[in-house]
Amino acid sequence: MEEHVMLDLPELANLTLEEQVGQLFVVRTSGFTQDEDRRYPERELSLADLTQAIERYHIGGILLYGGEVGETSAKVQRFQAMSPQPLLVCADLEEGAGQHVRGCTRLPPALALAACGSQASAQAGLITAREARSVGVNWVLAPIADVNANPSNPVINVRAFGATPEQVTRESLAFLQGLQAGGVLTCAKHFPGHGDVDGDSHLELPMLQTTRLTLEREHWPPFQALIAAGVSAVMVAHLQAPALDVLPTSLSYPIVTDILQQQWGFEGLVVTDALTMGAIADRFGPAEAALMAFAAGADILLMPQDLPSAYQAILGAILQGRFSRERLYASVRKILRAKAQLKAAPPLPEGGWPEHHKQAQHLYRQSITTLGLGPLPDLKDTPHWCNILIAPKAVPVPGPVYHVHPETLVFAQDQAGEALAALPRDGRELVLVHLFLTTGPYRSYTQLPPALERFLTTAPQRLIVVSYGNPYLIQNVRRERILAYSPEAQQAVVDLLWGHYLAVGQLPIAGF
């Protein structure tokens, strides 16, 4: 049987067993060419360690975080040339290549795109793919297919295209189509659905209390639609889903193999979420986590806690017969099949992508959503209005919003309520409050401090609240509101306040 497989797959026959095992691993590095420029050196391999990962452990790919256009392109080319097999080069570019690579275009998050509509989602996907390929990224870890059913979700939130399966399906499909048109591999995440939890899997193992029937009806349609549309890979989340299995979802054979691959018939790549995340790393050692994920049916083990330990564990388990050679061949076959689809990186355009940057600014404007916003006074008359920024810390947030008023006040979110209540009533007719409280990995602003919510709700002045992150924070603040969805939308908000355009964004979530 093994000879038959080898003859059917001559590319597989050219790989030693050690090289085949190495193809299962994707490790994290930065896009910078100097080690001292790494933003997270404890999580990103140095140049020497990355060289060893390729030459000794025969890795299948790299995950890029951070970088600059020219450096990232040069680094990818260097290590592609070093690797005997083409490397999968992936990145979490949910908000465009500019999310991680300086000089590329930063795009609005998924929920903001949903406020614009499917054409915007497709456009964003295409821009992302074109720029990603130019810097050497051939696999974009998007779109997110999670349905953000829980407003208190600390890690998905604006990263999701919405809170209903219909909307998430429509918009994620449009984003996928843009990515595919741009010529990159793609990835639907985070199966079986990360949208109805209130924990961050980077820090803990979130509990998904949803019943299987609810998962089938509300959370799985986007994944199934993306699979039908040819998505290259599915990323499996680290969750506790008692309705499906007792093991974490990424380590569960009934979830990864029985449901995703056998019942649904998915034949693409199955990739774990990062194995360094607290949900797994705090419970399992690097060897154990790798063995369990591979046993569950994963093809790619993303960011092992310790590459040498994980690699030796898989290799040893195959040599000892714990896993059959055919099990290994099945995953490597899929990996090589995906690599056969890779397209050469186009040259970097001289002068960057000014047209993409212009399109991004249009998307930010198009996404701005207003709720009950009345006519604005002439903001050039600064004595009659007050500009307030609220952020995690009492330091100015970079960007144009801080500079629209010569006496902008900045407060930390924990002290803002009391400080605002103590401000003198000096006859100013309008108070603008800008909330820079975002959600995402390792940070969680899912509730306003009570004193701040009380001020925003009861202040006697005319008050306009602008959210540059989690929109659910001001769901119950029944004042004039502007949803901007991300700090990068500041210029679009300033232009709106100065009357340069009218907001047309459609509210993408209910309850406001």
Side-chain angles (χ1 to χ4, degrees), residues 25-54 59-80 83 87-107 109-110 128-129 131-144 155-156 159 179 184-187 189-190 200-203 233 235 237-238 271-281 300-307 310 345 438-443 486-488:
F25 294 96
V26 171
V27 299
R28 174 170 164 172
T29 188
S30 82
F32 294 109
T33 55
Q34 301 298 318
D35 286 340
E36 57 267 27
D37 293 331
R38 291 175 294 165
R39 293 170 59 195
Y40 306 100
E42 70 282 1
R43 301 178 205 158
E44 296 161 1
L45 294 191
S46 66
L47 295 174
D49 287 341
L50 183 55
T51 299
Q52 183 183 68
I54 292 173
I59 57 168
I62 57 177
L63 170 68
L64 286 179
Y65 266 74
E68 178 275 332
V69 168
E71 285 191 74
T72 301
S73 175
K75 183 171 184 176
V76 171
Q77 289 180 46
R78 171 186 172 184
F79 285 100
Q80 285 284 22
S83 177
L87 293 170
L88 293 172
V89 182
C90 60
D92 287 305
L93 305 183
E94 301 160 16
E95 297 178 26
Q99 183 173 352
H100 287 298
V101 183
R102 290 201 305 263
C104 291
T105 306
R106 184 70 180 257
L107 295 166
T128 299
E131 294 188 6
R133 283 187 57 210
S134 290
V135 297
V137 174
N138 50 41
W139 184 18
V140 173
L141 301 181
I144 282 190
V155 70
I156 299 300
R159 298 169 65 200
L179 292 175
V184 294
L185 300 178
T186 55
C187 180
K189 59 188 189 184
H190 308 83
D200 179 357
S201 50
H202 297 80
L203 302 172
M235 178 179 289
H238 306 313
V271 54
T272 67
D273 209 341
L275 294 173
T276 53
M277 293 163 64
I280 297 300
I300 290 182
L301 308 176
L302 182 66
M303 287 178 62
Q305 302 168 47
D306 180 74
L307 175 62
T438 60
T439 59
Y442 303 103
R443 62 183 185 273
S486 74
E488 284 71 30

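Just so you know, these numbers come straight off a predicted model, no measurement behind them.
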Original post:
Does any non-hydrogen side-chain atom of R133 lie less than 4.5 Å from one of T128?
Top reply: no
Subject >> Atom of V140, atom of A132 and distance for their closest heavy-atom approach >> reply: CG2-CB, 4.1 Å
Original post:
By side-chain contact (heavy atoms from CB on, under 4.5 Å), which residues pair with A97, not counting sequence neighbours?
Top reply: L93, C104, E131
Original post:
Atom CG in L47, atom OG1 in T51: separation rounded to 0.5 Å?
Top reply: 6.5 Å
Subject >> Residue pairs passing the salt bridge (charged side-chain N to carboxylate O under 4.0 Å, His left out) test where at least one lies in residues 59-79, sequence neighbours excluded >> reply: none
Original post:
Do you know the tightest heavy-atom contact between C187 and V271?
Top reply: SG-CG1, 4.0 Å
**OP:** List for me each residue that meets side chain to side chain donor-acceptor pair (under 3.5 Å) alongside T438, sequence neighbours excluded, and say none if there are none.
**Re:** R443
**OP:** Please lay out, stage by stage, how V76 and V137 fare under the test side chain to side chain contact (heavy atoms under 4.5 Å, CB included).
**Re:** CA-CA 8 Å; V76 171; V137 174; 5.8 Å; no
**OP:** Check side chain to side chain donor-acceptor pair (under 3.5 Å) between R106 and all other residues, then give those that pass, not counting sequence neighbours.
**Re:** E95
**OP:** Identify the two heavy atoms, one from T276 and one from A281, that lie closest to each other, and give their separation to 0.1 Å.
**Re:** O-CB, 3.6 Å
Original post:
Which residue pairs pass the side-chain hydrogen bond (donor to acceptor under 3.5 Å, both in side chains) test when at least one of the two sits in residues 41-50, sequence neighbours left out?
Top reply: R28-E44, S46-D49
Subject >> Contacts of type side-chain contact (heavy atoms from CB on, under 4.5 Å), residue D200, not counting sequence neighbours >> reply: P154, V155, H202, L203
**OP:** Locate the shortest heavy-atom distance separating E94 from L141; write the atom from each residue and the value.
**Re:** CG-O, 4.2 Å
Original post:
Is the closest side-chain heavy-atom distance between W139 and T186 below 4.5 Å?
Top reply: no
**OP:** Check salt bridge (Lys or Arg N to Asp or Glu O under 4.0 Å) between D306 and all other residues, then give those that pass, not counting sequence neighbours.
**Re:** none
Subject >> Derivation and outcome, side chain to side chain contact (heavy atoms under 4.5 Å, CB included), residues M303 and V27 >> reply: CA-CA 5 Å; M303 287 178 62; V27 299; over 6 Å; no
**OP:** With sequence neighbours left out, write down each residue that passes ring pair (Phe, Tyr, Trp, His ring centres under 6.0 Å) with F32, or none if nothing qualifies.
**Re:** none
Subject >> Any V184 side-chain heavy atom under 4.5 Å of N138 side chain >> reply: no
Original post:
Can you tell if the side chain of L87 reaches within under 4.5 Å of the side chain of V26, non-hydrogen atoms only?
Top reply: no
Original post:
Got a sec, which residues hit side-chain contact (heavy atoms from CB on, under 4.5 Å) with S73, two or more places apart in sequence or on another chain?
Top reply: Q77, L348
**OP:** Enter the distance from L88:CG to I300:CD1 here, rounded to the nearest 0.5 Å.
**Re:** 5.0 Å
Original post:
Given I59 and Q52, is the side chain to side chain contact (heavy atoms under 4.5 Å, CB included) satisfied, shown in steps?
Top reply: CA-CA 9 Å; I59 57 168; Q52 183 183 68; over 6 Å; no
**OP:** Sequence neighbours left out, what passes side chain to side chain donor-acceptor pair (under 3.5 Å) with H190? Give chain and number order.
**Re:** D146
Subject >> Side chain to side chain, L64 and C90, heavy atoms closer than 4.5 Å >> reply: no
**OP:** Please name the pair of heavy atoms, one in A53 and one in L307, separated by the smallest distance, quoted to 0.1 Å.
**Re:** CB-CD2, 3.6 Å
**OP:** Begin with the C-alpha distance, continue with both residues' side-chain angles, and end with the deciding distance and a verdict on side chain to side chain contact (heavy atoms under 4.5 Å, CB included) for H238 and L275.
**Re:** CA-CA 9 Å; H238 306 313; L275 294 173; 4.0 Å; yes
Original post:
Roughly how far, to the nearest 0.5 Å, is CD1 of I62 from CZ of F79?
Top reply: 7.5 Å
**OP:** Enter the distance from L45:CG to T29:OG1 here, rounded to the nearest 0.5 Å.
**Re:** 5.5 Å
Original post:
Residues in side-chain contact (heavy atoms from CB on, under 4.5 Å) with Q34, at least two apart?
Top reply: E36, D37
**OP:** Of all the heavy-atom pairs spanning P41 and R38, show the shortest one and how long it is.
**Re:** O-NH1, 3.5 Å
**OP:** Would you check if L302 and L63 make a side-chain contact, meaning some heavy-atom pair closer than 4.5 Å?
**Re:** yes
